[in-house]
S.K.: 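Take a look at the following structure, please.
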Number of protein chains: 2
Amino acid sequence: MIPTIKDVAAHAGFSIATVSRVINAPHTVNPLTLEKIRRSIDTLNFRPSPLGRQLRGERTRLIGVVLPTLANPVFAECLQGIDDLAAAHGYRLMLMTTQYDADRERHAIETLRAQRVEGLILTVADADTHPLLDELDRDGLLYVLMHNDTARRPAVSVDNRLAAFDGVRMLIAHGHRRILMLAGTLAASDRARLRHLGYAEAMQQAGLAAAPALEIDFNANELAPAVLAHLTTGPHRPTALFCSNDLLAMVVMRGLHRARMQVPNDMSILGFDGLAMGELLSPPLASICAPNREIGSAAWRRLIARIDRSAPDTSLALTLPHTLRTGATIAAISNTSTTA
Amino acid sequence: MIPTIKDVAAHAGFSIATVSRVINAPHTVNPLTLEKIRRSIDTLNFRPSPLGRQLRGERTRLIGVVLPTLANPVFAECLQGIDDLAAAHGYRLMLMTTQYDADRERHAIETLRAQRVEGLILTVADADTHPLLDELDRDGLLYVLMHNDTARRPAVSVDNRLAAFDGVRMLIAHGHRRILMLAGTLAASDRARLRHLGYAEAMQQAGLAAAPALEIDFNANELAPAVLAHLTTGPHRPTALFCSNDLLAMVVMRGLHRARMQVPNDMSILGFDGLAMGELLSPPLASICAPNREIGSAAWRRLIARIDRSAPDTSLALTLPHTLRTGATIAAISNTSTTA
DNA sequence: ATGAAAGCGCTAACAA
DNA sequence: TTGTTAGCGCTTTCAT
């Protein structure tokens, strides 16, 4: 069906070695021969099989990508950042998603290793204590983490603790005193922990009480009534919510809207991620923005640098700057209106 | 570095053939031998290289996926639908995005073919007149299109014409007479054409004037002033907008909001795609919903059926039902308030 | 300038 | 039950 180098050789009347030369070192072959063989290649529509090359110990030009989910645009944006560069560099991407499941993480990494990828770009639930990553280190398979905010491994990320700190400080500067942090599926992840840490530090520095993060199951796309009540009633209800990601912030905004709470007048909202989509909301969502696409492309560049040994790459964590998008979901609170 | 079947054989003291049997037909090998070799496999952490198998002419268990972009969640959702099944079936996915560029489409398909994928799942700009797809047909490489709404090729899609027709009829039923269709990047695609056709038919059937689609460059994330003026001023300004996709609808909503137009009171908006995110907007976006994830998984099932020859699969187009999500972005218009 | 042949990791037919 | 061997498509010495 698919023509091989043999077919070309037979068709052109030369040996497969010469055909190979036409492909890989055209200058070493007689111009006349070159011409003939090229014609055969065209006629048969021959494309050298990467399989054969790869097996020969050549480079596979394959990179594995492991992401939690594509339902969250954060990761879709990263992937787009990776793919643009990969295509330009002539690499192929093999993609697997894990749905935040440790078994699927393990399985994905094993599958990709077996496929002999030259490197791995991944986002895992918890980077510090990840036995599989230790294994990669030990076996010398190159990888770069995205969004995993760890100093122990090669990673590209924002400083989650500092970013949360900055964001919550901004809320405080707007006069908020009772600020609650909401977290979703990320509760089990290193990122969420660091974000809560930043929140707690900002609160503490202002002499305010930091509360544990309120965990939300937002797969339901719906705010549980108990949670809603917690947010909206009582004299100690929060005036601002710091949501550990934008998707969660959107779910919360919608829940509040249904409960006839005005954002930002009755409640200020700050998200985390900087989804492009957030700017299209009304009101546009205030968010701590990670440069997601840039994180993807930076991860790619680091990985390729290590694969090509073109750079020493001594450092482990690469921290990209975060930005505060001060959308319209944050209102200032006058001191008098606060009971605290 | 990576152990091969030879290493295992040497370590266990058997031939590579027996090791191969342990992997592929354990019951044909002496239990004692089995045990020993398995221990060696574990010790060396050996995983059979798919490359070797694939080269042997075994199946590659590789599926190529070609999508326009991941920045639009429509495609991310499809991909998620594919990936879930692919992982469950033990297939690997090779992903390439095209940014709606014909050259990149061509390059992606060629690259994936060269990699010997067993099949292709793709969304192209224009399916009917696509020479590369003809080539795939000719060469017997299996593929299934997603979202490309054509009767000529294997495809999974909603009926774009009918869906648009239904949606616009709904707008008409709400009393709207001056309805404009807005289209974005998709203007060059078969989907956009069919959607406009459905719009025009609905208008015509109601005795109303169908206008050409107003083309919007929404990469800017911003509505051009001229467009905005066209939508908001004059006695013949539209009372409802049918947007050819949800992302575009969001940009428009935001533009109107800035221009102090109330949605839906001053302008009704209907999108197309049914992005999960749309429901989180305030007001929730009315949309003609395609079951994106389901389109992805259906495409996967069709492709696998053809690869396994497990089903005859005579039909070409598989049309999945669309649904109307009647969000709060559509208001009824009383006849008296209409000048038409 | 070209060809012959070995070998990459694996499977399967055939031998023992 | 186990081993020997050929061959999948390709690159790369080593001869010619």
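All chains are named by letter (A, B, ...) in the order of the sequence lines, taking the proteins before the strands, and each is independently numbered beginning at 1. Bear in mind the structure is a predicted one, so any value in this text is a computation, not a measurement.
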S.K.: How far does CD1 of A:Ile37 sit from OG of A:Ser15, to the nearest 0.5 angstrom?
M.R.: 7.5 Å

S.K.: Does one side chain, of B:Asp101 or B:His107, offer a donor that lies under 3.5 Å from an acceptor on the other?
M.R.: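 Looking only at side-chain atoms, B:His107 and B:Asp101 do not form any donor-acceptor pair under 3.5 Å.
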
S.K.: Round to the nearest Å and state the distance from A:Asp7 atom CG to D:dG9 atom C1'.
M.R.: 10 Å

S.K.: Classify the side-chain pair A:Tyr143/A:Arg302 by whether it contains a donor and acceptor separated by less than 3.5 Å.
M.R.: no

S.K.: Does the protein touch nucleotides 7-16 of chain C at the base, only the backbone, or not at all? Give it as B, S and - per nucleotide, heavy atoms under 4.0 Å.
M.R.: BBBBBBB---

S.K.: With side chain to side chain contact (heavy atoms under 4.5 Å, CB included) as the test, pick out the partner of A:Leu303 among A:Asp308, A:Val144, A:Val156, A:Leu120.
M.R.: A:Val144

S.K.: For A:Glu77 and B:Ala71, indicate whether the former's side chain and the latter's backbone hold a donor-acceptor pair under 3.5 Å.
M.R.: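 Pair absent, no side-chain N/O of A:Glu77 close to backbone of B:Ala71.
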
S.K.: Whether A:Thr18 contacts C:dA1 is assessed here as follows: a side-chain N or O lying under 4.0 Å from the phosphate OP1 or OP2. Is that the case?
M.R.: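 For C:dA1, OP1/OP2 do not have a side-chain N/O of A:Thr18 under 4.0 Å.
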
